[in-house]
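For the numbers below, each heavy atom of this structure counts, side chains included, while hydrogens, waters and symmetry mates do not. Note that the coordinates shown come from a computational prediction; the quantities given were computed from them, not determined experimentally.
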Amino acid sequence: MVLVGVASVVVVAAGIWARTDDGRAFLRDQLLVLLAPAHGTLSAGPLATDLFSYAELRDITLAGPDGAVLAHVDTLRLGYRLGGLSSGVLVVPEARVDGLTLTLAQTDAGLDLAALWDDGGPPS
């Protein structure tokens, strides 16, 4: 029973912390590290989230090794349900992309966007 109480306090504290500027910046930075291309850069502006049901990232830019912008998204919003996490499933009933700009070129290896990751694409 004590373990359940401690876990509940941790979850509530994480939810409160995720709503602070420092919490949102930390979560954004961790996400950028997870999705970072092997060649080039991925950057993003502020993250808005309540941690439990949605995340919204603004000003996302993917650039090649030469600094040329390959993709830009004004706003990416994901609505999700955490109920399936215990079985390893994240349910995402809402995904919205606003202001998508792509600048792609064909290379010997395929599209230059896929070539940014060593294995041909971002982690799935």
Side-chain angles (χ1 to χ4, degrees):
M1 192 63 158
V2 171
L3 185 59
V4 171
V6 170
S8 298
V9 168
V10 168
V11 168
V12 170
I16 292 169
W17 174 77
R19 294 179 180 163
T20 67
D21 290 342
D22 288 342
R24 289 189 304 266
F26 175 81
L27 293 172
R28 179 204 58 216
D29 293 346
Q30 294 305 305
L31 183 61
L32 291 176
V33 167
L34 176 69
L35 298 175
H39 315 286
T41 59
L42 179 64
S43 62
L47 170 71
T49 184
D50 70 353
L51 193 61
F52 301 108
S53 65
Y54 83 95
E56 183 176 283
L57 200 53
R58 297 184 176 272
D59 195 24
I60 305 164
T61 301
L62 179 63
D66 60 356
V69 174
L70 302 174
H72 183 270
V73 174
D74 291 338
T75 305
L76 171 64
R77 180 181 176 90
L78 299 175
Y80 49 82
R81 293 189 207 121
L82 298 178
L85 281 182
S86 60
S87 59
V89 176
L90 178 64
V91 178
V92 181
E94 174 195 3
R96 181 178 175 151
V97 176
D98 291 323
L100 172 63
T101 304
L102 292 175
T103 306
L104 302 176
Q106 185 69 36
T107 67
D108 291 339
L111 288 177
D112 55 359
L113 189 61
L116 293 177
W117 287 271
D118 286 333
D119 63 358
S124 55

### Task
Name all pairs fulfilling the salt bridge (Lys or Arg N to Asp or Glu O under 4.0 Å) condition that reach into residues 86-96, sequence neighbours left out, sorted by first residue then second.
Arg77-Glu94, Arg96-Asp98
#### Entry: Linked, directly or transitively: Leu82 and Val91 (ILVMFWY side chains, under 4.5 Å)
no
### Message
Can you list everything that forms a ring pair (Phe, Tyr, Trp, His ring centres under 6.0 Å) with Phe26? Sequence neighbours excluded, please.
### Response
Trp17
### Query
Out of curiosity, does Leu35 fall in the hydrophobic cluster containing Leu102 (side-chain heavy atoms, cut-off under 4.5 Å, transitive links)?
yes
### Query
Please, which pairs that meet salt bridge (Lys or Arg N to Asp or Glu O under 4.0 Å) have at least one residue in residues 25-46, sequence neighbours excluded?
none
### Query
Quick one: CG on Asp22 to CG on Leu27, what's the gap to the nearest 0.5 Å?
11.0 Å
### Task
Spell out, as yes or no, whether a donor-acceptor pair under 3.5 Å connects the side chain of Tyr54 to the backbone of Leu78.
no
### From Asp74 atom CG to Asp59 atom CG, the distance as rounded to the nearest 0.5 Å
7.5 Å
### Message
Thr61 and side-chain contact (heavy atoms from CB on, under 4.5 Å): which single residue from Val69, Thr101, Leu70, Val73 fits?
### Response
Val69
### Task
Establish whether Leu62 and Leu100 are linked, either directly or via other cluster members, by ILVMFWY side-chain heavy-atom contacts under 4.5 Å.
yes
### Message
With heavy-atom distances below 4.5 Å as the criterion, would you say the side chains of Leu31 and Leu57 are in contact?
### Response
yes
### Query
Do Arg81 and Pro93 have side-chain heavy atoms sitting under 4.5 Å apart?
yes
### Query
Donor-acceptor pair, Arg24 side chain versus Leu47 backbone, under 3.5 Å?
yes
### Query
Between Val97 and Ile60, is there a shared hydrophobic cluster once you connect ILVMFWY residues whose side-chain heavy atoms come closer than 4.5 Å?
yes
